Amino acid sequence: MPIISFASSKGGAGKTTSAIVLGTELAASGAGVVLVDADPAGRLAKWAAIKDIPDGIEVIQSAGERSILDEIDEAASKAAFVIIDLEGSASRLASFAIGESNLVVVPSGEEQQDADSAVDTLAEVSREGRSRGKSIPAAVLLCRTNAAVKSRLEKFIQAQLRAAAPVFKTQLHRRTAFSAVHNAGAGLRQLDRGEFNGVEKAIANAQSFASEVIDMLEGQEATSDAA
Ligand SMILES: Nc1ncnc2c1ncn2[C@@H]1O[C@H](COP(=O)(O)OP(=O)(O)O)[C@@H](O)[C@H]1O
Ligand SMILES: [Mg+2]
């Protein structure tokens with residue numbers, strides 16, 4: 001029951017979208033997933049209400065900082081993966097969720113502001129770990145990126161991120177299919193191929209992101225077994 005949080009101090013970084021993409025992808029592979037909407041804005045809950053969410057996924061809306069730890073425990077007792085979508089600012093609720101996480105995914109675009117926010121968020125995760133006497137694994141997910149050739153600025157920004165934390169090899173490129181799930185509901189696989197471009201490419205992106213997440217979590221298990 002790994003717990004995976006999506007965190008970044010920047011609104012619009014791609015947390016909710018990437019959390020939906022990961023959750024629906026893991027569920028498509030047969031795993032039970034609880035998605036916890038821990039953002040008072042409730043975007044994840046809104047997504048879940050549009051139409052039937054895929055089998056294997058349950059979405060719960062957190063009642064806030066007083067109950068988040070109980071909510072996480074309960075979710076972890078029944079699902080193979082717990083995915084927490086956090087709000088875009090530091091809060092006690094976010095601290096509690098980060099402290100419980102086996103992996104914190106920090107989405108970032110390729111602009112300097114995004115990179116600065118990602119680095120701030122990574123520092124916050126590291127402080128949370130220090131205050132608990134443990135290290136909390138975190139990695140940067142580049143999203144809303146251009147699938148075409150990289151400019152020098154983009155390479156420079158990616159280098160800054162790599163200096164701060166591991167960066168997923170997979171990027172969730174800027175694709176209509178990713179933003180469409182917010183309106184259409186359900187996952188990428190349920191999108192109407194006639195209506196939206198690039199659904200198959202988005203699914204391939206999502207699959208490789210999900211398998212990197214699983215590899216990262218398995219790598220941690222291997223390390224803790226050896227310890
Ligand atoms: N990979 C992507 N491709 C296209 N649009 C994206 C992608 N990721 C996020 N978006 C869009 O960017 C906006 C902000 O994303 P969101 O996931 O809500 O960010 P956050 O939860 O960090 O505030 C949304 O309109 C979303 O549809
Ligand atoms: Mg959000």
Side-chain angles (χ1 to χ4, degrees), residues 4-25 35-51 53 59-62 64 68 83-91 93-94 97-98 101 103-111 113-122 124-125 138-148 150 154 157-158 161 167-191 195-210 212-213:
I4 304 157
S5 288
F6 282 78
S8 77
S9 55
K10 187 168 183 282
K15 294 178 286 297
T16 305
T17 309
S18 312
I20 293 171
V21 163
L22 179 64
T24 50
E25 207 44 51
L35 279 166
V36 182
D37 189 350
D39 181 350
R43 299 295 317 180
L44 197 55
K46 286 192 183 110
W47 163 78
I50 298 173
K51 72 168 174 220
I53 49 176
V59 177
I60 61 167
Q61 200 159 9
S62 172
I68 186 74
I83 297 174
I84 308 172
D85 181 30
L86 294 169
E87 66 184 315
S89 56
S91 64
L93 193 161
I98 288 169
S101 297
L103 176 63
V104 179
V105 179
V106 181
S108 171
E110 285 179 312
E111 286 166 14
Q113 257 190 322
D114 290 81
D116 290 346
S117 303
V119 170
D120 281 351
T121 306
L122 291 162
E124 180 65 33
V125 174
V140 175
L141 172 67
L142 285 160
C143 51
R144 294 174 292 110
T145 52
N146 191 337
K150 299 290 170 205
E154 287 163 348
I157 282 171
Q158 288 194 22
L161 293 168
V167 177
F168 286 102
K169 284 197 226 46
T170 309
Q171 302 182 5
L172 297 187
H173 296 305
R174 182 181 294 283
R175 293 189 195 283
T176 315
F178 289 127
S179 46
V181 293
H182 287 281
N183 306 84
L188 296 168
R189 285 156 206 269
Q190 285 76 37
L191 288 176
E195 193 177 342
F196 301 107
N197 287 329
V199 174
E200 299 307 329
K201 284 186 175 153
I203 291 174
N205 260 180
Q207 268 177 326
S208 53
F209 171 46
E212 272 196 79
V213 166

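One-based numbering, in listed order, for ligands and for the atoms of each. Small disclaimer: the values here were computed from a predicted structure and weren't measured.
Counting protein heavy atoms only, atom 5 (N) of ligand 1 is closest to Ser179 CB, 3.7 Å. In this structure, the protein non-hydrogen atom closest to atom 4 (C) of ligand 1 is Arg175 O, 3.2 Å. From the protein, the heavy atom lying nearest to atom 7 (C) of ligand 1 is Arg144 CG, 3.3 Å. At the shortest separation from atom 17 (O) of ligand 1 among protein heavy atoms lies Thr17 OG1, 2.5 Å.
In summary, Thr16 places an N/O/S atom under 2.8 Å from the Mg ion (ligand 2), meeting the contact criterion.
Numbered from 1 in the order shown, with element, the atoms of ligand 1 that lie under 4.0 Å from a heavy atom of His173 read 1 (N), 2 (C), 3 (N).
Polar contact with ligand 1: present for Thr16 (N/O pair, distance under 3.5 Å). At a 3.5 angstrom cut-off on N or O pairs, Lys15 counts as close to ligand 1. Remark: ligand 1 and Ala13 share an N or O pair separated by less than 3.5 Å (distance only, no angle test).
Not close to ligand 1: Gly88, with no non-hydrogen atom less than 4.0 angstrom away.
Using a 4.0 Å cut-off between heavy atoms, Arg43 makes no contact with ligand 1 at all.
Salt-bridge check for Lys15 with Asp39: failed, with every basic side-chain N at 4.0 Å or more from each acidic carboxylate O.
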